[in-house]
Amino acid sequence: MQAIQVSDFSLDHTLDSGQAFRWRRGADGGWQGVIGRQFVRLQQANGAIQVEAADLDEVARYFQWHVNLSEIVATFPRDEHLTAAVRRFRGLRLLRQDPWECLASFIASSTKQIVQIKQIVENLSERLGMGEWERGGMGEKTRYHPFPTVEAVASSTHEVLWNCKLGFRARNLLATARMIAEGKTDLSRIRSMSCGEGREHLCRLPGVGEKIANCVLLFAFGKQEAFPIDVWIERGLRELYFRRKRNVTPRRLREFSGSYFGPHGGYAQQYLFHYLRMAGRRGRDLKMLDRPIHRA
DNA sequence: CTCCAGGTTCCGG
DNA sequence: CCGGAACATGGA
């Protein structure tokens, strides 16, 4: 157990914002999850982060604690919506996830609720994640599984994936894993590519379109100009920035989001996404976010 | 029961 | 390029 001083960071907002799917909140308010091959437990109390992990450097890199959040937020447009989102969820940071885990998770995400995505990812890890280990915590022993490797998924079967509750996404995940395993696509090469090139690369994979590609570029490769437009963001953009306007096509939304939010647009997108999602469906009751959120 | 979910792909204007 | 439909399943 180690105490880390991190300013401008909210563990709750970061892990609650739908970027990663392996985190659970404990009864004590702490979080536990898996980063790479290690089990991690964290808790935030009066400004400090208590970390329980074998490799602290990997944890720090994952949470991007070295990033100066103020400099990023300063580049955002100063409209009322984004300002409100930042004020309410200050400390939310973009994670730096493993590319394969991120890609596979978001292939599983299409037209699924976050609760269900978490369940699918958990199923995949339990059934295909090699190297499960035991961890004792105050007498309790629990099994944890790392996310399965490309090879583990590629050598799996459609039926196994189907039974992980992937539904029609099973075919895509299997085909994508096999393309990567066969070397037809090299994820590691994307890091040095431009955002556009990386997107083009990712979109060749079955089940990966523009939205999922942008999620991987943003959450795993740190391409902060990537701006994923899902149903929440699309509704939000229409209601907050195109209120009462006709003929707002997907093309128009892409152009707007690509220029308006600036060089760290992906960061702005994540603040908006969390803001909209916490406000309730269809983006109503945004004002309620000015008050503290009551957890169900 | 109905509606919707961090979409993608295919098809006809 | 655009809108619609199909694709599976479970949460609200």
Side-chain angles (χ1 to χ4, degrees), chain A residues 13-23 85 89 92 94-95 97 101-124 158-177 179 185 199-221 223 226-239 242 245-258 261 265-285 295-296:
Chain A
H13 297 160
T14 299
L15 294 182
D16 238 356
S17 66
Q19 304 178 61
F21 306 101
R22 296 220 62 189
W23 295 94
F89 295 107
L92 189 168
L94 288 182
L95 300 170
Q97 301 182 50
E101 177 174 346
C102 186
L103 171 62
S105 298
F106 277 98
I107 285 176
S109 78
S110 69
T111 57
K112 276 292 179 188
Q113 295 182 159
I114 289 177
V115 188
Q116 295 176 18
I117 303 166
K118 284 184 177 178
Q119 189 55 58
I120 293 171
V121 171
E122 207 56 41
N123 291 340
L124 286 169
H158 183 266
E159 185 184 2
V160 168
L161 298 183
W162 186 276
N163 289 335
C164 288
K165 304 301 179 185
L166 275 156
F168 65 83
R169 306 153 196 83
R171 180 194 226 4
N172 291 331
L173 182 60
L174 186 58
T176 287
M179 279 184 67
T185 297
R199 183 160 40 238
E200 193 179 340
H201 218 67
L202 288 166
C203 285
R204 298 196 321 224
L205 296 165
V208 180
E210 193 161 345
K211 189 269 172 181
I212 290 176
N214 280 331
C215 284
V216 177
L217 290 167
L218 186 61
F219 302 142
F221 290 110
K223 309 290 187 189
F227 193 101
I229 301 180
D230 73 316
V231 289
W232 289 94
I233 287 291
E234 175 168 357
R235 260 195 322 252
L237 291 181
R238 288 181 187 283
E239 294 184 8
F242 293 91
K245 287 190 178 178
R246 294 171 291 111
N247 300 330
V248 182
T249 65
R251 178 89 186 117
R252 180 87 182 87
L253 290 178
R254 283 203 312 260
E255 289 172 350
F256 172 74
S257 61
F261 293 102
Y267 239 105
Q269 177 275 159
Q270 194 60 18
Y271 272 93
L272 278 178
F273 174 77
H274 195 42
Y275 182 69
L276 293 164
R277 219 168 64 83
M278 298 306 274
R281 57 179 54 181
R282 302 184 67 79
R284 290 176 301 201
D285 304 325
R295 187 164 305 289

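Here is how names work: the chains are called A, B, and so on, in the same order as the sequence lines, proteins then strands, and each is numbered from 1. The figures that follow rest on heavy atoms only: side chains count, while hydrogens, waters and symmetry mates do not.
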| field | Base C:dT9 paired with A:Lys112 side chain (donor-acceptor, <3.5 Å) | value | yes
| remark: Walking DNA chain B from its 5' end, the first of A:Pro206 and A:Gln19 to be reached, judged by nearest nucleotide, is A:Gln19
| message | Considering every strand and a 4.0 Å limit on heavy-atom distances, what is the contact class for A:Ser105: base, sugar-phosphate, or nothing? | response | nothing
| field | For atom CZ of A:Arg171 and atom P of C:dA8, their distance in whole Å | value | 9 Å
| request: Write down the distance separating the P atoms in B:dC3 and C:dG4, rounded off to the nearest Å. | output: 16 Å
| request: Decide yes or no for A:Leu205 and A:Leu103: does some side-chain heavy atom of the first lie under 4.5 Å from some side-chain heavy atom of the second? | output: yes
| query | Between B:dG7, C:dG11, C:dC2, which one does the side chain of A:Arg251 approach most closely? | reply | C:dC2
| What's the CZ-P distance between A:Arg204 and B:dT9, to the nearest Å? | 13 Å
| note | Comparing A:Gln116 with A:Asn172, nearest DNA chain B nucleotide closer to 5' gives the residue A:Gln116
| query | Between A:Glu234 (CD) and C:dC2 (C1'), how many Å, whole number? | reply | 12 Å
| What distance, rounded to whole Å, do you find between the two P atoms, one in C:dA5 and one in B:dC4? | 14 Å
| request: Send over the distance from A:Glu255 CD to C:dC1 C1', rounded to a whole Å. | output: 11 Å
| field | A:Thr111, nearest nucleotide to its side chain (from B:dA5, C:dT9, B:dT8) | value | B:dA5
| task | Measure the distance from CG on A:Leu94 to P on B:dG6 and round it to the nearest whole Å. | result | 18 Å
| Ion pair present between A:Lys118 and A:Glu122, side-chain N to carboxylate O less than 4.0 angstrom? | no
| request: Could you check which of C:dG10, B:dG7, C:dG3 has an atom nearest any side-chain atom of A:Ile212? | output: B:dG7
| With a 3.5 Å cut-off and no angle check, do the side chains of A:Asn214 and A:Glu210 form a donor-acceptor pair? | no
| task | Could you give the distance separating C:dA6 and B:dG6 at their P atoms, to the nearest angstrom? | result | 22 Å
| What is the distance, rounded to the nearest whole Å, between atom CZ of A:Arg252 and atom P of C:dC2? | 12 Å
| Is there a donor and acceptor pair closer than 3.5 Å between the side chain of A:Gln119 and the base of C:dG11? | no
| request: Determine, for A:Glu234 against A:Arg238, whether the closest basic-nitrogen to carboxylate-oxygen distance falls under 4.0 angstrom. | output: yes
| query | Nearest-Å distance, CD1 (A:Ile229) to C1' (B:dA5)? | reply | 17 Å
| What nucleic acid atoms does A:Phe219 come within less than 4.0 Å of, heavy atoms only: base, sugar-phosphate, or nothing? | base
| said: At 4.0 Å (heavy atoms only), tell me whether A:Val231 reaches a base, stays on the sugar-phosphate, or touches nothing. | reply: sugar-phosphate
| message | Stacking between A:Trp232 and B:dG6, defined as ring centres under 5.5 angstrom apart with planes under 30°, is that present or not? | response | no
| field | Distance, rounded to the nearest Å, where A:Phe168 contributes CZ and C:dG10 contributes C1' | value | 13 Å
| request: Examine C:dC1: is either OP1 or OP2 under 4.0 Å from a nitrogen or oxygen in the side chain of A:Thr249? Give yes or no. | output: no
| Which is true for A:Gly207 with a 4.0 Å heavy-atom rule: it touches a base, it touches only sugar-phosphate, or it touches nothing? | sugar-phosphate
| note | When every non-hydrogen atom of A:His13 is compared with those of A:His274, the smallest separation belongs to O-NE2, 4.0 Å
| task | Give me the ring orientation class for A:Trp232 and A:Phe273: parallel if the planes are under 30° apart, tilted from 30 to 60°, perpendicular past 60°. | result | perpendicular
| query | When all nucleic acid strands are considered with a 4.0 Å heavy-atom cut-off, which category describes A:Leu166: base, sugar-phosphate, or nothing? | reply | nothing
| field | Among B:dA5, C:dT9, B:dG6, the one nearest A:Arg235 by side-chain distance | value | B:dA5
